[in-house]
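Worksheet: one structure, shown below.
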Protein chains: 2
Amino acid sequence: MTSVGKPSGAEVVRPVIGKLRSLGLEGEAELQAFLKLIKVRGCLGRGEEIIDAGSSPSHSSVLLTGIACSYRRLQDGSRHIFTFHHPGDFCDLHRYVLPERNGAVAVAAITDGLVGTICHKDLDQTLVQHPKLGLALWRATMLEASIIREKLVNVSRRSALQRVVHLLCEQLARREAIGINCATIPLNQVDLADAAGLSVVHVNRTVQGLRMLGVLTPDSRSIEVTDKKRLLQIANFDARYLSMPKVLSNWTIDTQ
Amino acid sequence: MTSVGKPSGAEVVRPVIGKLRSLGLEGEAELQAFLKLIKVRGCLGRGEEIIDAGSSPSHSSVLLTGIACSYRRLQDGSRHIFTFHHPGDFCDLHRYVLPERNGAVAVAAITDGLVGTICHKDLDQTLVQHPKLGLALWRATMLEASIIREKLVNVSRRSALQRVVHLLCEQLARREAIGINCATIPLNQVDLADAAGLSVVHVNRTVQGLRMLGVLTPDSRSIEVTDKKRLLQIANFDARYLSMPKVLSNWTIDTQ
DNA sequence: CGGCGGCTTGATTCGAGTCAAGAACCGTGG
DNA sequence: CCACGGTTCTTGACTCGAATCAAGCCGCCG
């Protein structure tokens with residue numbers, strides 16, 4: 001879907017402000033300079049593609065509202081989800097600096113939402129004037145790398161239960177960090193499976209196990225966390241890899 | 001140890017030059033400015049720690065000779081290897097920009113070798129004067145991210161055989177890109193297992209399978225590739241994620 | 001010589017995938 | 001209002017790849 005009218009420009013980029021602040025960007029001038037580059041690119045519907053893996057990147061995207069995912073489509077048609085994106089997250093900033101044209105990563109909307117785009121040429125100019133902004137953006141890409149590294153450990157070393165639970169912890173923590181305190185995670189079991197590297201059937205059994213345990217609401221088909229503390233324990237979750245100092249204390253396991 | 005006597009100061013940083021060039025850094029001034037920052041930090045022995053996961057980073061490291069690995073030690077004592085480093089690779093450049101103090105990543109030597117260090121304070125100053133250098137370094141960190149992303153797909157979606165073979169392809173390709181054309185990969189089966197997320201026993205069986213197939217030398221305990229073409233086929237290896245234009249053509253599967 | 005790190009082998013277990021089918025929950029249109 | 005078709009979620013039976021356990025072996029170095 002292409003350009004709809006800007007819904008009150010200032011309001012819509014708020015998540016991006018939070019993001020840059022959390023990345024340690026302090027100057028007001030840098031912030032404003034960056035915000036000016038963002039063009040709101042209308043609404044997205046569930047499943048809609050934001051970035052085609054094969055396209056040549058002349059711009060990058062930021063998610064403003066909703067949830068998206070970075071993924072790869074494999075030869076056999078299956079989908080591997082690398083990470084989920086929440087409001088304020090960059091979708092493909094890595095392509096600013098390393099413009100792979102191969103099918104490395106595609107991005108699609110998971111819920112309805114809004115994205116903004118940043119033209120690379122504009123960014124080139126702005127970065128020359130504001131080197132600190134460049135550092136913040138570099139940091140943003142490293143944060144994503146950190147998330148993927150964590151997932152690698154997860155997928156290769158932990159049980160199905162732990163993988164799923166860790167995934168949930170991460171989404172919950174990241175959403176809380178941007179002010180979304182809802183206990184329901186708007187992902188379906190197929191999304192979870194593709195992100196955890198498990199079959200849907202097995203994710204289903206795992207989710208049911210969690211409902212039995214009272215960690216997730218038993219009387220709903222959605223993923224709604226009722227016992228956060230337990231969740232953290234099961235996953236052995238240590239949120240430091242997310243670099244979110246402000247809410248970190250909420251995401252540490254109680255050491256008994 | 002890698003043969004011969006002590007190379008002269010200029011000689012020893014050659015891999016770094018190659019690296020920066022391959023990252024698209026063209027200017028001679030930037031290159032020289034960066035090389036000046038490198039302090040050679042003596043020899044390392046196998047198993048020796050290069051970067052402690054818990055230390056506060058005041059400098060970053062480049063590998064000059066030998067092989068190293070980035071890894072994490074898990075609670076149960078097992079080791080997960082994220083990536084291997086070859087001459088010219090940065091070991092922990094990510095900590096320049098995102099100084100996690102948690103045990104996210106440690107780095108250790110796998111063979112004897114040499115490392116150089118770059119003081120972060122020095123780098124700060126140099127980057128102010130040479131913004132293009134900053135971009136190249138950013139790119140370096142993104143390349144590593146790309147490698148880890150690839151490994152994530154591998155580990156979560158492919159069979160043990162493919163995982164191991166893909167790992168071998170990658171090391172072979174990366175080494176060729178820096179002028180190391182040796183068919184023997186100086187890793188032992190434990191290293192392979194920790195990097196592929198498999199048990200040693202299973203890696204051993206897999207390696208033997210490859211020896212049966214004639215892909216690896218059957219009459220040696222080391223990992224020596226004799227049939228590169230077959231290796232590529234088994235792994236379905238597509239080297240584009242490594243961004244090495246110069247040798248890419250050698251690392252594409254023959255489309256039958 | 002003995003000890004130790006790396007490699008091999010076989011037997012056994014078990015977690016997660018696959019297949020197949022059915023049920024619950026939409027939205028849409030007659 | 002209900003009948004539909006399409007997702008998404010559930011359940012059960014069966015299979016199989018890889019982990020684990022447990023020795024034994026080879027080659028190296030002190």
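Proteins come first, then strands; the chains are lettered A, B, ... in the order of their sequence lines, and each starts at number 1.
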Revision key, fill the gap. Separation of C:dG27 atom P from A:Arg46 atom CZ, nearest Å, is 14 Å
Practice item. Grab the NE2-P distance between A:His202 and C:dC14 for me, whole Å please. Key: 14 Å
Check your understanding: Do NZ/NE/NH1/NH2 and the carboxylate oxygens of A:Asp89 and A:Arg174 come within less than 4.0 Å?
Key -> yes
**Study point:** Nearest-Å distance for atom pair CG/P, residues B:Asp219 and C:dC7
**Key:** 16 Å
Exercise for review: Using whole Å, report how far CG of A:Asp76 lies from C1' of C:dT18.
Suggested key: 14 Å
Review point. With distance as the sole test, does B:Asp52 use its side chain to make a donor-acceptor pair with the main-chain N or O of B:Ala106 at under 3.5 Å?
Key: no
Practice item. Report the distance from atom CD of A:Glu224 to atom C1' of D:dC9, rounded to the nearest whole Å. Key: 17 Å
Point to revise | A:Asn204 side-chain N/O to D:dT10 phosphate OP1/OP2 under 4.0 Å | key: yes
Practice item. Ignoring hydrogens and angles, state whether a donor on the side chain of A:Asn250 or A:Glu176 is under 3.5 Å from an acceptor on the partner side chain. Key: yes
Check your understanding: Nearest to the side chain of A:Leu198 - C:dA16, D:dC26, C:dA24?
Key -> C:dA16
Check your understanding: Does B:Arg205 get its side chain close enough to the base of D:dG17, under 3.5 Å, for a donor-acceptor pair?
Key -> no
**Study point:** Atom pair distance, as rounded to whole Å: CG in A:Leu187 and P in D:dT8
**Key:** 12 Å
Exercise for review: Please determine, by modelled atom types, if B:Arg72 and B:His80 share a side-chain donor-acceptor pair under 3.5 angstrom.
Suggested key: no
Point to revise | Sugar-phosphate, base or nothing in reach of A:Val201, heavy atoms under 4.0 Å | key: base
Review point. Within the pair A:Arg211 and D:dT10, is there a side-chain N or O less than 4.0 Å away from OP1 or OP2?
Key: yes
Review point. Picking from C:dT18, D:dT8, D:dA18, which would you name as closest to the side chain of B:Ser159?
Key: D:dA18
Study note, to complete from the structure: Separation between CD1 (B:Ile110) and SG (B:Cys69), nearest 0.5 Å, reads 4.0 Å
Review point. Taking for each residue the nucleotide of DNA chain C with the nearest heavy atom, is it A:Gly197 or A:Arg221 whose nucleotide lies nearer the 5' end?
Key: A:Gly197
Check your understanding: Rounded to the nearest Å, what distance is computed from the CD atom of residue A:Gln189 to the C1' atom of nucleotide D:dT7?
Key -> 12 Å
Point to revise | Atom pair distance, as rounded to whole Å: CG in A:Asn188 and P in D:dT10 | key: 11 Å
